[in-house]
S.K.: 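Can you keep this structure in mind? I'll have questions shortly.
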Amino acid sequence: MEEKLKIVFMGTSDFAGIVLESLTGSPYEISAVVTQPDSRDKKGNLPNPVRDIAQKNNIKILQPEKLDENFTNEIKGLRPDVFIVASYGKIIPEKILEIPRMKSLNVHASLLPKLRGPSPIQNSLLQGDKETGITIMLMDKGIDTGDILSQKKIAINDDDDYITLTSKLAVAGSKLLLHTVSKWINGEINPVKQNDGEATLCQLIEKSDGQIFWGKSASEIHNTFRAFRVWPGIYTFWDNEGAVKKISLTSISAEENENENERHLGEVFQKEDKKIRVKTGKGNIIIEKLQLEGKNETEANSFINGYPGFIGSVLK
RNA sequence: CGCGGGGUAGAGCAGUCUGGCAGCUCGUCUGGCUCAUAACCAGGAGGUCGCGGGUUCAAAUCCCGCCCCCGCAA
């Protein structure tokens, strides 16, 4: 009888949560889950699906502040056969990656070498791509530069946003991972080097990336909205009779082929159908729901009942 | 003690500083008008002004305590 394969899982996001969930149903043993420390908030802890799923399945949870020597020794003590990493959120030192005899596998949400880095899902949406995918690869000291074990393409629909695309990718990624792991441990896969010449990089997303530039086209702004659906969202500034307030747009659509030449960029207006529109560099954005700073999210039509001056103002 | 905005009719808001009839826009109901509308006209219903206490002839408004929602920062 051979022993069960011992996995240590490392991950933090929603994407990682779905992958972990599928591993809990696999024939392998999950020795421990490593995830980011909980960030605290006045209103309670930020959700961490990985932590929650591990808790539910009675899996040991490690939330180290630093991936230092103490942590390295703790992991060594678990004698893992393989690491599985899915958007952990920190760069993992080579010393740790080298611990398992069957190496460290990463589930990355792009078709590598395209979109290496921490935000592949958002960036595929930002670029308006029609297709992305999942790559399972071996981890090395570079960022998403390791040899590829398997890949699967996923179509992006026009109505996909960060939430739906993450879910699609995670579900497909989970399947591909289980498949790949079983072949990998049986020595049935030859890793393939990445073509570095075709590589593209994506950056960590910052809150300020969510600010809208009205000079961009409606479809570019809408792509930003799709990409930043969960975080950081998209926002703009409204001068309400001298008081400049931040407004988050929480539901919008794009109207690419309309052109209101006589209006300013960022000007808010209505047409016969009463929808709230904003002029952009190319086409209009229709605002369906929004949230004024300090207030709850509201329907755009309700908002203008209370703030009729919104129509005709110019957003910055 | 991190900084700040807010809770008033089903929805969105004004009114609070300076106490004095509970307001606006939308929705809703009734009737009218129109070839027609997310249009227009007339009329109506709908409120423990977040909760508790205090001051006052009089409190949405001033004072004290509490609850809840949200933005920023981390």
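So you know, we letter chains A, B, ... as the sequences are listed, proteins then strands, and number each from 1.
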S.K.: Would you mind reading off the distance between Leu292(A) atom CG and G4(B) atom P, rounded to a whole angstrom?
M.R.: 18 Å
S.K.: Taking the P atom of each, how far is G54(B) from C69(B), in whole Å?
M.R.: 28 Å
S.K.: Let me know the distance between CG of Asn240(A) and P of G6(B), rounded to the nearest Å.
M.R.: 12 Å
S.K.: Does Lys207(A) put a side-chain nitrogen or oxygen below 4.0 Å from OP1 or OP2 of C72(B)?
M.R.: yes
S.K.: When the C1' atoms of C33(B) and G43(B) are considered, how many whole Å apart are they?
M.R.: 15 Å
S.K.: If I pick the P atom on A38(B) and the same atom on A74(B), what distance separates them, to the nearest angstrom?
M.R.: 48 Å
S.K.: Rounded to the nearest Å, what distance is computed from the CG atom of residue Leu290(A) to the P atom of nucleotide G71(B)?
M.R.: 13 Å
S.K.: For U61(B) and C49(B), measure between their C1' atoms and round to the nearest Å.
M.R.: 10 Å
S.K.: Flag the pair Tyr307(A) / Trp238(A) as yes when their ring centroid distance falls below 6.0 Å, and as no otherwise.
M.R.: yes
S.K.: Closest approach to the side chain of Lys274(A), judged atom by atom: which nucleotide of C26(B), C13(B), A38(B) is it?
M.R.: A38(B)
S.K.: Which nucleotide, in any strand shown, forms a Watson-Crick or G-U wobble pair with C72(B), with both distances under 3.5 Å?
M.R.: G2(B)
S.K.: Look only at the side chain of Asp161(A) and the backbone of Thr164(A), and say whether a donor-acceptor pair between them is shorter than 3.5 Å.
M.R.: yes
S.K.: How many whole angstroms separate atom CZ of Phe237(A) from atom P of G5(B)?
M.R.: 18 Å
S.K.: Are Phe310(A) and Phe303(A) an aromatic pair, judged by ring center distance below 6.0 Å?
M.R.: yes
S.K.: Distance to the ring centre below 6.0 angstrom and angle to the axis at most 45 degrees; does that hold for Arg263(A) and Phe269(A)?
M.R.: yes
S.K.: Roughly how far apart, to the nearest Å, are U8(B) and C68(B) at atom C1'?
M.R.: 16 Å
S.K.: Pick from Leu105(A), Leu149(A), Asp144(A): which one makes a side-chain contact (heavy atoms from CB on, under 4.5 Å) with Met137(A)?
M.R.: Asp144(A)
S.K.: Compare side-chain N and O positions of Lys246(A) against OP1 and OP2 of C72(B) and report whether any pair is under 4.0 Å apart.
M.R.: yes
S.K.: Map Asp273(A) and Thr298(A) onto RNA chain B by nearest heavy atom, then report which one ends up closer to the 5' terminus.
M.R.: Thr298(A)
S.K.: Return the value, rounded to whole Å, for the distance between atom CD of Glu293(A) and atom P of C13(B).
M.R.: 13 Å
S.K.: Can you tell me the Watson-Crick or wobble partner of G12(B), both distances under 3.5 angstrom?
M.R.: C24(B)
S.K.: Do we get Lys246(A) above Phe237(A)'s six-membered ring, with its NZ or CZ under 6.0 Å from the centre and within 45° of the axis?
M.R.: no
S.K.: Using a cut-off of 4.0 Å on non-hydrogen atoms, how would the nucleic acid contact of Asn296(A) be classed: base, sugar-phosphate, or nothing?
M.R.: sugar-phosphate
S.K.: What's the gap between G50(B) and G15(B) when it is taken at their P atoms, as a whole Å value?
M.R.: 15 Å
S.K.: Within this structure, what is the CD-to-C1' distance between Glu299(A) and C13(B), rounded to whole angstrom?
M.R.: 16 Å
S.K.: Quickly work out the Phe310(A) CZ to C24(B) P distance and round it to whole Å.
M.R.: 24 Å
S.K.: Using the C1' atom on both, measure U18(B) against C26(B) and round to a whole Å.
M.R.: 31 Å
S.K.: For C40(B), which nucleotide is its Watson-Crick or G-U wobble mate, given both distances must be under 3.5 Å?
M.R.: G32(B)
S.K.: Reading RNA chain B from 5' onward, which residue's closest nucleotide shows up sooner: Gly294(A) or Phe303(A)?
M.R.: Gly294(A)
S.K.: Rounded to whole angstrom, note down the C1' distance from G4(B) over to C41(B).
M.R.: 46 Å
S.K.: Starting at atom CH2 of Trp231(A), determine the distance to atom C1' of A74(B), rounded to an integer number of angstrom.
M.R.: 13 Å
